[in-house]
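Have a look at the structure below, then the notes.
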Amino acid sequence: MDTTARYSALEHGGLEVTERLDGPEVVPGSIAPVIERRPSLHSPEIAHPEQYQPNKQEHGNYFGGNDEPAAPAYGEDARPAFMHNDAKEAGMAVHETGGPRKARRYCGMSRTVCIIVAVVAMLVILGAVLGGVLGTLLTKHSGNSSSAALPQPYTFNGTSSNNTTSTSSSSPLEAMAGTGFAAAVSADGTGRLLMYYQDAKGRIIENSYLNGSWTLETTSLIDESVVVSSDATQGSPLAAVSYTVGTLQYRQIFYIDGTGLVKTTNSTTVSANAVATSWTTPYAIATDHAATSETAGLAACSDHVGMNGIRVYYGSISGYVQEVAYQFNNTALGWNELYSFPQSDANSGVACVVYDNAVNQDQFVNVYMRNTSGIVVQNYYDFVANDGWSLGPETSTNLTIASGTALAACNDDSQSEYIHFQLTNGTIMRGLVDPSGSVFEQYNLLQTATTNSKLAATYVDGGALLMFQNDTNASTMWLADTSQRMVSILNEAIP
């Protein structure tokens, strides 16, 4: 991934003081070029990474890798001899060298004063130019310099694929460093992408994306009506589902509060600009086992087939990943703690994917987690057989998966599953799994993120869309939507 855009250093030619009284004063200078990026949210750029061929799939392998002219010099010619008219005599010439030379003046000033004034003027100009350049670098997409300080996107064959656009002069959205992310597709059938994050004030905020635009693009649009909850612990992992029960369409969020309890809140009310409002009072879904304070693990899945409800997975203080369930057809039961996954890493992430096979009318929930041996493993449950949890594919032992890594997973229309996790060098890797397969079929290196950045994924517009925090600016939210063949569909900062 490319680093932040760099600007040429300011170079000024030297000041040469001439010795000619009426010679021109040369004060060379230059103005730093202003580089402006105006990304777009609307027109994703398609290209291929250098390390991958667009039609090539690797199976079971890990691959990770004007000169200014000088001022003219003027000489001093000797004064010509001349003769007074009153001293002319035949054969005789009287020469006069003249009186003492007067000090030279430059624009009415002495040489020393002129040099001092010129140097001061150059310093003022230099300071103004540097101030403008640094101001551009330190300002996050404001006005015409809308994206100057955004973290740079990774490149495909050396070409930036950043396409963000922001025309508002208000402050851009800014997340808390270490924020959790949650993503889901709205159950209303519009294909709207719902995303959730924790802002600098610790509030959980909902944003959404549809037809090339975000519901929230600046902080001026954030008020209490769009705040999901304010009692989440700093950097809490987040999870989200959207589903329909009867005639109501739900948006439901899960998070960890300051005491370690996993809480939930939901909304069935949507404003005219598609923002959910009137969120219910948050309540705990599990009281017997609180979440560990270091966990990056929190995931939620819902479906009307098989599980016919919601399943939540989180890193428990007891030292393992815990499952909690809610049934749509028996709401009186409330939330119930179910399975505890042995040898799971409670501090690392967890992700879940629902697999529906319409032909065979069976359904699985596949849950991915890092185990105590440092590899990512799949645990799956067959709702038709209903015979308990079984172990599925696991990542290669050659991968150096970071301790405490977050995980994010989603599946496409053909049910292929995309599992994202972070390596020890900070790079995010994506593994591809066939839902009924026994191995990770393919690995792809994506981008670099902040250490232990939270992740969220969902399948949108033909690609596995991933949310994370970019390593250039920990408070900036970034998303990348990439197809199975590693074609970039969208790669930009969230406004």
Side-chain angles (χ1 to χ4, degrees), residues 140-141 150 166 168 170-184 186 192-209 213-242 250-285 290-291 293-300 312 314 406 408 450 452-456 458 467-470 473-479 493-495:
K140 289 183 64 179
H141 52 120
L150 290 178
S166 177
S168 174
S170 300
S171 300
L173 301 180
E174 186 169 303
M176 171 183 292
T179 179
F181 290 103
S186 175
R192 178 178 295 277
L193 168 66
L194 306 174
M195 69 87 62
Y196 302 86
Y197 69 96
Q198 197 172 14
D199 71 1
K201 296 180 180 180
R203 304 172 299 181
I204 299 175
I205 305 296
E206 178 190 77
N207 202 355
S208 67
Y209 182 85
S213 63
W214 291 93
T215 302
L216 302 179
E217 293 193 350
T218 66
T219 55
S220 63
L221 300 175
I222 297 178
D223 57 31
E224 289 304 313
S225 68
V226 301
V227 175
V228 177
S229 179
S230 299
D231 67 335
T233 189
Q234 181 173 334
S236 167
L238 305 175
V241 291
S242 181
Y250 287 80
R251 299 179 185 183
Q252 189 149 352
I253 310 304
F254 302 87
Y255 63 92
I256 299 172
D257 74 358
T259 66
L261 294 178
V262 178
K263 286 187 173 182
T264 187
T265 178
N266 66 69
S267 172
T268 58
T269 305
V270 179
S271 66
N273 62 345
V275 175
T277 59
S278 303
W279 291 87
T280 60
T281 301
Y283 65 93
I285 65 172
S293 61
E294 302 298 324
T295 190
L298 182 60
V312 176
Y314 68 95
T450 55
N452 289 337
S453 168
K454 306 299 193 305
L455 307 174
T458 191
M467 297 177 184
F468 58 98
Q469 286 193 294
N470 188 282
N473 189 332
S475 63
T476 300
M477 300 172 286
W478 201 264
L479 60 81
I494 298 172

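Start at 1 with the first residue, then count along the sequence.
For the atom pair CD1 of I494 and CG of N470, the computed distance is 11.5 Å after rounding to the nearest 0.5 Å. Rounded to the nearest 0.5 angstrom, W279 CH2 and N266 CG are separated by 7.5 Å. To the nearest 0.5 Å, atoms CG (D257) and OG (S230) are separated by 12.5 Å. The CE atom of M467 sits 4.5 Å away from atom CG of L193, with the distance rounded to the nearest 0.5 Å. From E174, atom CD reaches atom CG of D199 across 9.5 Å, with rounding to the nearest 0.5 Å. If you take OH on Y196 and CD1 on I253, they are separated by 4.0 Å, rounding to the nearest 0.5 Å.
Looking only at side-chain heavy atoms (C-beta outward), L298 and V312 come within less than 4.5 Å of each other. With a 4.5 Å cut-off on side-chain heavy atoms, L173 and Y197 count as touching. Considering only heavy atoms from C-beta on, Y283 comes within 4.5 Å of T264 through its side chain. For the pair N207 and M477, the minimum side-chain heavy-atom distance is 4.5 Å or more. Contact annotation: the side chain of K201 never approaches that of V227 to less than 4.5 Å [non-hydrogen atoms, C-beta and beyond]. Side-chain contact between L194 and R192 is present, with heavy atoms from C-beta onward closer than 4.5 Å. Y250 is not listed as a side-chain neighbour of V241, based on a closest heavy-atom distance of 4.5 Å or more. Between K454 and T179, every side-chain heavy-atom pair lies at or beyond the 4.5 Å cut-off.
In this structure, K263 and P282 approach most closely via the heavy-atom pair CD-CB, 4.2 Å. Closest approach of S242 and A184 over heavy atoms only: N-CB, 4.4 Å. Summarising the geometry of A296 relative to A406, their closest heavy-atom pair is CB-CA, 4.2 Å, with the distance given to 0.1 Å. Annotation for A274 and S208: closest pair O-OG, 4.3 Å, computed over non-hydrogen atoms. The minimum heavy-atom distance linking M176 with G235 is given by the pair SD-N, 3.6 Å.
Looking only at atom types and distance, the side chain of S267 has no donor-acceptor partner in the side chain of S278 under 3.5 Å away. There is no side-chain donor-acceptor pair under 3.5 Å between T277 and S271. Side-chain atoms of Q198 and S236 include no donor-acceptor pair closer than 3.5 Å.
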Assess whether side chain to side chain contact (heavy atoms under 4.5 Å, CB included) is satisfied between Y255 and D231, documenting all intermediate values. CA-CA 9 Å; Y255 63 92; D231 67 335; 2.5 Å; yes
Verify side chain to side chain contact (heavy atoms under 4.5 Å, CB included) between M195 and T458, making sure each step is shown before the conclusion. CA-CA 10 Å; M195 69 87 62; T458 191; over 6 Å; no
Please evaluate residues I256 and Y314 with respect to the criterion side chain to side chain contact (heavy atoms under 4.5 Å, CB included), reporting the C-alpha separation (whole Å), side-chain torsions for both, the decisive distance (0.1 Å), and the verdict. CA-CA 10 Å; I256 299 172; Y314 68 95; 5.5 Å; no
Check the pair T265 / I204 against side chain to side chain contact (heavy atoms under 4.5 Å, CB included), numbers first and verdict last. CA-CA 11 Å; T265 178; I204 299 175; over 6 Å; no
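A donor-acceptor contact shorter than 3.5 Å links the side chain of Q469 to the backbone of G178.
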